[in-house]
Amino acid sequence: MRKKILAANWKMNLLRDEAFHLYKEIATFSDSKEIFIFSPSLYLSELSSIDGPKIGAQNFHFEKFGAFTGEISLDQIASCGANSVLIGHSERRQIFNENNEVLKLKVDAAIEKDFDIIFCCGEPLEIRKSQNHVEYVIEQLKESLFHLDVLQLKNVSIAYEPIWAIGTGLTATAEQAEEMHLEIRNSISHVYNVEVADSISILYGGSCNEKNALELFSCPNVDGGLIGGASLKASSFKEITNALYGLH
Ligand code: PEP
């Protein structure tokens, strides 16, 4: 059985007290569920002192230490009590120019430190319009992820996030999500084997909210969600959690 996973990407939102309160509210319904909170890194240390869902960093540098002003390392993140990272989010790719090569270095660094990884992939609108979305996404995975061996891949979940759906209110239809998730799973099967493909959780992200979550999570190859905007309100995130865990 694949793990059902829900991840909240808080991005550059929430002041310290707001983050603290939201985390505590989420902790009231996260028990025994696989929930990750990708908080601003500033708050990781404080959040890790509260009993609640796993916490992770939205970004890090692949080097271990040194003269990289403004950056943070995996050891520093671990020293604040977090052992999970997001890699390959489209905002990191597009705004901060992280390409597949850099993302591969980040994947290797996180694997070396035994972090859990949620690796994001997804196509921009023009690629979707030109019907090349499947090839585009599989190439992202081949160039940054598929060099890992089977054991290393156990630390990884994949989040498919069509860029045109992130923060836009436009959601992929359940059919579009299922199509891509199946393609991703088939590609894992080709590169590794069917057992590995069946064991990896593939999350959907992109304007997933309390209204559409159930339909998206009902797709056989959608194993959970990476949630941006709708993770900033405990009530919405709770409904999404209930949709995933069958508590509706
Ligand atoms: C995201 O940033 O990963 C995301 C899915 O955002 P939103 O849910 O706001 O589209």
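Counting starts at 1 for both ligands and their atoms, following the listed order. The analysis underlying the following values was restricted to heavy atoms, covering all of them including side chains, and did not include hydrogens, waters or symmetry mates.
For the residue pair D75/S73, the side-chain donor-acceptor check at 3.5 Å is not satisfied.
At a threshold of 4.5 Å between non-hydrogen side-chain atoms, the residues Y204 and D223 do not count as touching. For the pair W10/S231, a side-chain contact is recorded, criterion being any heavy-atom separation below 4.5 Å from C-beta on. The closest side-chain heavy-atom distance from E123 to N132 is not below 4.5 Å.
Relative orientation of the Y160 and H181 rings is perpendicular, given thresholds of 30° and 60° on the angle between their planes.
Contact atoms of ligand 1 toward G167: 7 (P), 9 (O), 10 (O) (distance under 4.0 Å to a heavy atom of the residue). The contact set between ligand 1 and G228, taken as ligand atoms under 4.0 Å from a residue heavy atom, comprises 4 (C), 5 (C), 6 (O), 7 (P), 8 (O), 9 (O). Of all atoms in ligand 1, listed by their number and element, those nearer than 4.0 Å to a heavy atom of G206 are 5 (C), 10 (O). Below 4.0 Å from some heavy atom of K11 lie the following atoms of ligand 1, by number and element: 1 (C), 2 (O), 6 (O). Close contacts between ligand 1 and A165 involve ligand atoms 10 (O) [criterion: under 4.0 Å to a heavy atom]. Taking a cut-off of under 4.0 Å to the non-hydrogen atoms of L226, the atoms of ligand 1 that pass are 3 (O), 5 (C). Interface atoms of ligand 1 facing G229, defined by a heavy-atom separation under 4.0 Å, are 7 (P), 8 (O), 9 (O). Interface atoms of ligand 1 facing N9, defined by a heavy-atom separation under 4.0 Å, are 1 (C), 2 (O), 3 (O).
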>> Is there a side-chain hydrogen bond (donor to acceptor under 3.5 Å, both in side chains) between R92 and N97? Walk through the geometry before answering.
In response: CA-CA 7 Å; R92 298 297 317 170; N97 299 320; over 6 Å; no

> Are Q58 and H89 close enough, and set up right, to give a side chain to side chain contact (heavy atoms under 4.5 Å, CB included), and what steps lead you there?
Replying inline: CA-CA 8 Å; Q58 299 167 19; H89 193 278; over 6 Å; no

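Rounding to the nearest 0.5 Å gives a distance of 9.5 Å between CD1 of I77 and CG of N83.
Heavy-atom separations between A159 and ligand 1 are all 4.0 Å or longer. At least one heavy atom of S207 sits less than 4.0 Å from an atom of ligand 1.
For atom 1 (C) of ligand 1, the nearest non-hydrogen atom of the protein is H89 NE2, 3.2 Å. Closest protein heavy atom to atom 3 (O) of ligand 1: E161 OE2, 2.6 Å.
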